[in-house]
Amino acid sequence: MHNKSQAQISRRTMLKGLAAGAALPLTGCSRNPAAPQLQAPFVPGKSLPWINWGKNHSCYPAQRLAPRNEAQLLEGLVNAKGTVRAVGSSHAFSALVPTDDTLLTTDYLSGLISHDAEKQQAQVWGGTRLHNLGPLLESVGLATVNLPDMDYPSLAGAIATSTHGTGKNFGSLSTQVAGLTLATLDGRLLDVSADRHADIFKAACTHLGALGIVTRVNLQCQPAYQLTEVSQVEPLEQMLAELDQRMAQNRNFELFALPYSPLGISVTTNEASAGDANQGEDDPGALNQLRQVFESVSWLPGVGESLYAWLLEKAFGGNPPVIRSGASYRVLAHARTTRFCEMEYSIPVEAGPACLREVLATIQKRRLPACFPIEYRHVKGDDIMLSMYQGRDSAVLSIHQFGDLDYRPFFAEIEPIFHRYDGRPHWGKIHTLQAPQLAALYPKHWQDFLALRESLDPSGKLLNTHLQQVLGVIS
Ligand SMILES: Cc1cc2nc3c(=O)[nH]c(=O)nc-3n(C[C@H](O)[C@H](O)[C@H](O)COP(=O)(O)OP(=O)(O)OC[C@H]3O[C@@H](n4cnc5c(N)ncnc54)[C@H](O)[C@@H]3O)c2cc1C
């Protein structure tokens with residue numbers, strides 16, 4: 001009889017073995033020619049380049065500002081020439097950040113400012129990275145209500161794009177904001193909340209870096225808590241058949257669909273019970289092995305894709321779950337060590353399974369070179385002006401491509417499917433929509449956001465080319 005952790009190791013070993021064995025005779029047979037990496041070299045005499053995590057955007061800012069306090073920040077903001085863009089941890093895949101004029105980081109504005117134990121609120125500097133936020137809040141007995149599935153972004157940067165995790169009862173991180181401080185272009189520090197400048201607050205919770213610089217954030221938290229996450233390979237159709245139930249019965253639930261395979265991975269998270277223990281380990285490197293197997297066999301005429309599905313079944317079938325238990329902020333976040341580019345759309349929650357099936361069927365039918373798991377999450381609706389979840393509970397589908405491959409042909413095949421499902425693109429991820437289409441997706445508040453933006457930044461100093469295009473503002 002084998003114990004569970006041995007079985008876990010054997011699953012990983014098997015995938016590695018398959019990858020190594022399958023790759024050997026077939027190296028170079030990929031159908032997928034690697035796209036050249038974006039070049040942003042350091043050129044002596046030129047300013048230092050900036051490049052985002054996904055390596056799909058870069059720029060050469062003439063000036064970089066890293067203020068050490070709000071007074072310095074205001075002075076820099078008001079006096080800066082040309083376009084000013086704030087940068088957090090450069091994790092957005094869309095071109096929200098690039099400017100060749102002034103790049104302003106709030107890296108020095110990081111840490112816990114104060115907390116209110118009774119209200120369970122904490123005031124935090126906007127530049128605080130999410131991975132620092134967890135321990136800081138824990139030190140005063142608090143925790144965020146939910147988190148995205150990784151913790152690299154800054155708090156202000158995450159709020160900018162309504163960064164989210166999963167869970168039927170949880171909105172994005174933007175919904176956890178009780179108030180924030182905006183450094184404005186006319187040199188003010190504006191405190192906004194549901195009670196003060198409520199209209200600006202409603203816009204600033206998904207601000208796109210277009211309203212001012214966020215210096216402080218007051219977060220609505222909850223008492224610190226422990227979670228246990230169970231990740232398990234299962235038949236995808238079984239998960240979809242039980243989706244409503246699983247979303248309702250668990251604190252957090254999401255799934256990953258594996259293209260060309262009837263299998264998927266469920267990730268189920270609940271409050272920890274006494275005695276919960278870790279089992280196996282989260283293995284972000286497994287993505288590379290998956291790719292190696294896919295590229296080695298999928299091209300085989302007539303049999304490649306079924307052979308791939310069969311190999312996955314052999315590698316994964318019947319293995320025990322991976323279990324991670326501990327502080328909420330550690331369990332909700334995962335390491336992301338494989339570089340990729342990502343497109344993500346939110347659609348009305350009821351349409352989620354049909355949309356996912358259509359995406360998978362399209363990949364299979366058109367034999368698209370895509371083996372990166374497709375992430376499927378739920379986010380609760382809100383009433384933040386430009387939140388992707390404004391006015392509707394949403395199913396969220398994320399499509400990825402490996403960072404050294406050209407994502408464009410694959411994403412171009414899939415994006416029209418999301419449009420048919422009334423999808424709203426994630427502001428921080430790749431999409432091709434422009435202002436007219438986006439305006440139609442936000443009928444309630446689009447004009448309100450534009451009017452507020454203009455009142456705070458009449459000369460468009462905070463708008464780079466991407467923002468001008470997606471907001472439809474000519475400055
Ligand atoms: C590996 C990876 C995993 C991801 N996982 C998720 C996920 O699970 N869920 C999800 O929703 N998204 C996810 N994303 C997307 C990403 O986290 C978001 O788009 C987020 O906005 C990035 O935050 P950042 O701090 O890196 O900001 P940046 O990318 O640096 O900037 C994003 C925006 O914030 C603005 N900004 C930053 N700081 C300030 C400030 N102080 N004041 C005003 N504006 C500011 C910038 O101007 C820009 O408009 C992921 C991205 C990567 C690379």
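Atoms within each ligand, like the ligands themselves, are counted from 1 in listed order. Counting from 1, the numbers follow the sequence of the chain as shown. Bear in mind that the values here come from a model prediction, so they are computed numbers and not experimental data.
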Give me the residue, atom name and distance of the protein heavy atom closest to [atom].
atom: atom 29 (O) of ligand 1; value: A92 N, 2.9 Å
atom: atom 4 (C) of ligand 1; value: M150 CE, 3.4 Å
atom: atom 31 (O) of ligand 1; value: V97 CG2, 3.5 Å
atom: atom 42 (N) of ligand 1; value: V214 N, 2.8 Å
atom: atom 44 (N) of ligand 1; value: H207 CE1, 3.2 Å
atom: atom 45 (C) of ligand 1; value: A86 CB, 3.5 Å
atom: atom 19 (O) of ligand 1; value: T161 OG1, 3.2 Å
atom: atom 30 (O) of ligand 1; value: G88 N, 2.7 Å

Does [X] have a non-hydrogen atom less than 4.0 Å from ligand 1?
X: K429; value: yes
X: E342; value: no
X: F340; value: yes
X: Y152; value: no

Flag side-chain contact, heavy atom, 4.5 Å: L452 against M385 | yes

Going by the closest heavy atom to [atom], which one wins out of [options]?
atom: atom 43 (C) of ligand 1; options: G212, G403, S398, A160; value: G212
atom: atom 28 (P) of ligand 1; options: A156, S90, P153, S154; value: S90
atom: atom 26 (O) of ligand 1; options: H91, R85, E344; value: H91

Side chain, backbone, both or neither: which applies to [X] and ligand 1 if a contact is any heavy-atom pair less than 4.0 Å apart?
X: A158; answer: backbone
X: R339; answer: neither
X: F93; answer: side chain

query = Would R377 and E344 pass as an ion pair if we require N to O under 4.0 Å?
reply = yes

Next item on the list: In plain terms, say whether D448 and K202 are close enough for a salt bridge, that is, a side-chain N and a carboxylate O under 4.0 Å apart.
Entry: no

Does the separation of the ring centres of [X] and [Y] fall below 6.0 angstrom?
X: Y442; Y: W427; result: yes
X: F93; Y: F340; result: yes
X: H164; Y: F170; result: no
X: F294; Y: Y260; result: yes

Enclosure of R330 CZ (heavy-atom neighbours >12, cutoff 6.0 Å) = no

Any side-chain donor paired with an acceptor under 3.5 Å for [X] and [Y]?
X: E229; Y: H334; answer: yes
X: Y345; Y: E415; answer: yes
X: Q176; Y: T144; answer: no

Q: Looking only at distances, please establish whether an N/O atom of ligand 1 is found under 3.5 Å from an N/O atom of S162.
A: no

So for ligand 1, is S89 a polar contact partner (N or O within less than 3.5 Å, distance only)? yes

In terms of heavy-atom contacts, P353 and L240 come closest through CB-CD2, 4.4 Å

